[in-house]
Protein chains: 2
Amino acid sequence: MPDDKSPDGTEGARRKRLPSSERREEFIAKAVEFFAEEGFESSTRGLARRLGVTQPLLYRYFPSKDDLISEVYDAVYVGRWRPEFERLIADRSRPLEDRLNAFYGVYTEVIFNREWMRIYLFSGLKGVDINRRYMGLVRRRILEPIVAEARAEEGLPERPATDAEIEFAWVMHGGIFYYGVRDLIYESAVSADKTEVIGDAVAALLFGLRRRFGMEDRKAPGGPGRGPACG
Amino acid sequence: MPDDKSPDGTEGARRKRLPSSERREEFIAKAVEFFAEEGFESSTRGLARRLGVTQPLLYRYFPSKDDLISEVYDAVYVGRWRPEFERLIADRSRPLEDRLNAFYGVYTEVIFNREWMRIYLFSGLKGVDINRRYMGLVRRRILEPIVAEARAEEGLPERPATDAEIEFAWVMHGGIFYYGVRDLIYESAVSADKTEVIGDAVAALLFGLRRRFGMEDRKAPGGPGRGPACG
DNA sequence: GGATTAATTTTTCACTCGATAAATAACGCC
DNA sequence: GGCGTTATTTATCGAGTGAAAAATTAATCC
């Protein structure tokens, strides 16, 4: 007997043909859904079933399961990054607190999404390097700018962020991320509203950074303007 | 041909027998290691290989793979909880900031551990309910006490923590947790030292809670002493 | 409308999975 | 030292896995 049922489920209704590029897009989009929900260990047959298509067809478009998974990573990590993230943080026409609230508002619009979060966590556990690269992106494009803007708003001289500053920014950033995890992955009732939670976190972030500046800018009042990275 | 090699790998060295209870313990301990590293989808044959034992032997001790996995959960979630967690937070002979630094010092000794973190994340993605129960435990035994202690130290009247307060405490707690994730799962260089990071986070946590108290204790100066939970 | 091209399915392979049943061999007891 | 108990292994089943090869069928072109 055939090892997969009629792709559509309903007998007789033969699948419409699609041009190669469209089909590919469709496959990737559904693969994001599918692997996000079921994990990357789930079978290509399961994905094909959800697509209403036979399993070997996948291999016409992707040489292997791993290649398909790479496309999934790209669609999520690269495809959903928005250039306005960086602009929002750096826009000095508004107070930093406003900017950060605005930034985390739109950033969480992207990442507070079941697909995004689950792909992120699954891929992190797999140890694929795109994950490490994404964290590098967050550090360079989000956290370092935030620290720099906070220094600027305090009237402190420019200088590369210290490890302790970045680490603290990571804790707050991770706290906001984890808020999404609780909501979307653990589905534990997250009752307070997002704007308020972000507002509290942003206030604490700025408080913590100013506190750090106060602790570290004593010994170097003028500071080595553009000294080598600390640590 | 036999479907598993000689369990030990090295030929001839027949496996020593162990009494039932000892063997069981050994299996669970190694299963924690194994599934933490490879994920719960990994094969019982892989685990057996690592144990130097044949795969069907596992089924002498656990009726199914899922039952073994449940034992793994118990060993990690229940077995590593330390009663001193709650005592440290509630010990009013010291300032709260000290207590929280001490608490997060020992708490992170337990959870900043590759096994613990990976089991936690894997099980969270699987959606097993022990995960939700653990988060309930954290809320009741850690976060609510922290908020209560913060109120007490401010001289405010006792009352159940509001959702916004708990949510903020979760963000800080999650930020610390995520610090461990970055270190142990994503293995992104975490350079600053743990004590300092915790110190910064604790300071920000207390700042944020006091800020919240100031925002919410205006309209209810005496407050409904033991009113129903907010929200 | 028949030939060409390319999208899709059918069939199949070699292997892995969780689990069961039966055979074997190490240990304790007397 | 033989015997019974039971820990452990051997062998096997049926279902599912990623992948390749070949057969089929829908769309396109002239």
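Chain letters run A, B, ... following the sequence lines, proteins first and then strands; every chain starts at 1.
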Task: Nearest-Å distance for atom pair CD/P, residues A:Gln55 and D:dT17 - done: 9 Å

Task: Dot-bracket encoding per residue of DNA chain D, Watson-Crick/G-U cut-off under 3.5 Å, | denoting interstrand - done: ||||||||||||||||||||||||||||||

Task: From NZ (A:Lys65) to CD (A:Gln55), nearest 0.5 Å - done: 10.0 Å

- [ ] Could you check whether the rings of B:Tyr107 and B:Trp81 sit parallel, tilted or perpendicular, using 30° and 60° as the cut-offs?
- [x] perpendicular

Open item on the list: Whether A:Tyr61 contacts C:dA7 is assessed here as follows: a side-chain N or O lying under 4.0 Å from the phosphate OP1 or OP2. Is that the case?
Closed with: no

TODO: Would you please say whether a donor-acceptor pair under 3.5 Å links the side chains of B:Tyr73 and B:Asn131?
DONE: no

Open item on the list: Taking donor-acceptor contacts at under 3.5 Å, does the side chain of B:Arg45 reach the base of C:dG18?
Closed with: yes

TODO: Specify the separation, in whole Å, of atom CG of A:Leu51 and atom C1' of C:dA7.
DONE: 15 Å

Task: Positions of residues 121-130 of chain A (non-hydrogen atom under 4.0 Å from DNA chain C), listed by number - done: none

TODO: By nearest nucleotide on DNA chain C, pick out whichever of A:Phe27 and B:Arg60 is the more 5' one.
DONE: A:Phe27

Task: Value in whole Å for how far the P atom of D:dA7 lies from CZ of B:Arg23 - done: 10 Å

TODO: Specify the separation, in whole Å, of atom CG of B:Asp67 and atom P of C:dT20.
DONE: 11 Å

TODO: Consider only side-chain N and O atoms of A:Ser70 and A:Asp67, and report whether a donor and an acceptor are under 3.5 Å apart.
DONE: no

Task: B:Lys194 atom NZ: more than 12 heavy-atom contacts under 6.0 Å - done: yes

TODO: Specify the separation, in whole Å, of atom CG of B:Asp66 and atom C1' of C:dC17.
DONE: 14 Å

- [ ] Identify which nucleotide among C:dA19, D:dG18, C:dT9 has an atom closest to any side-chain atom of B:Lys65, counting heavy atoms from C-beta outward.
- [x] C:dA19

TODO: Provide, to the nearest angstrom, the distance between the CD1 atom belonging to B:Ile69 and the P atom belonging to C:dC17.
DONE: 14 Å

Open item on the list: Looking only at side-chain N and O atoms, does B:Tyr59 offer a donor or acceptor that is under 3.5 Å from a partner on B:Ser64?
Closed with: no

TODO: Check side-chain contact (heavy atoms from CB on, under 4.5 Å) between A:Ala148 and all other residues, then give those that pass, not counting sequence neighbours.
DONE: none

- [ ] Determine: side-chain N/O of B:Ser43 to OP1/OP2 of C:dT16, distance under 4.0 Å, yes or no.
- [x] no

Task: Between A:Tyr104 and A:His173, a side-chain donor and acceptor under 3.5 Å - done: yes

Task: Atom-to-atom span, CZ of A:Arg24 to P of C:dA7 - whole angstrom - done: 12 Å

Open item on the list: Atom CD of residue position B:Glu187 - does it have more than 12 heavy atoms of other residues, nucleotides or ligands inside 6.0 Å?
Closed with: yes

- [ ] Mind calculating the distance between OH (A:Tyr59) and C1' (C:dT11) to the nearest angstrom?
- [x] 16 Å

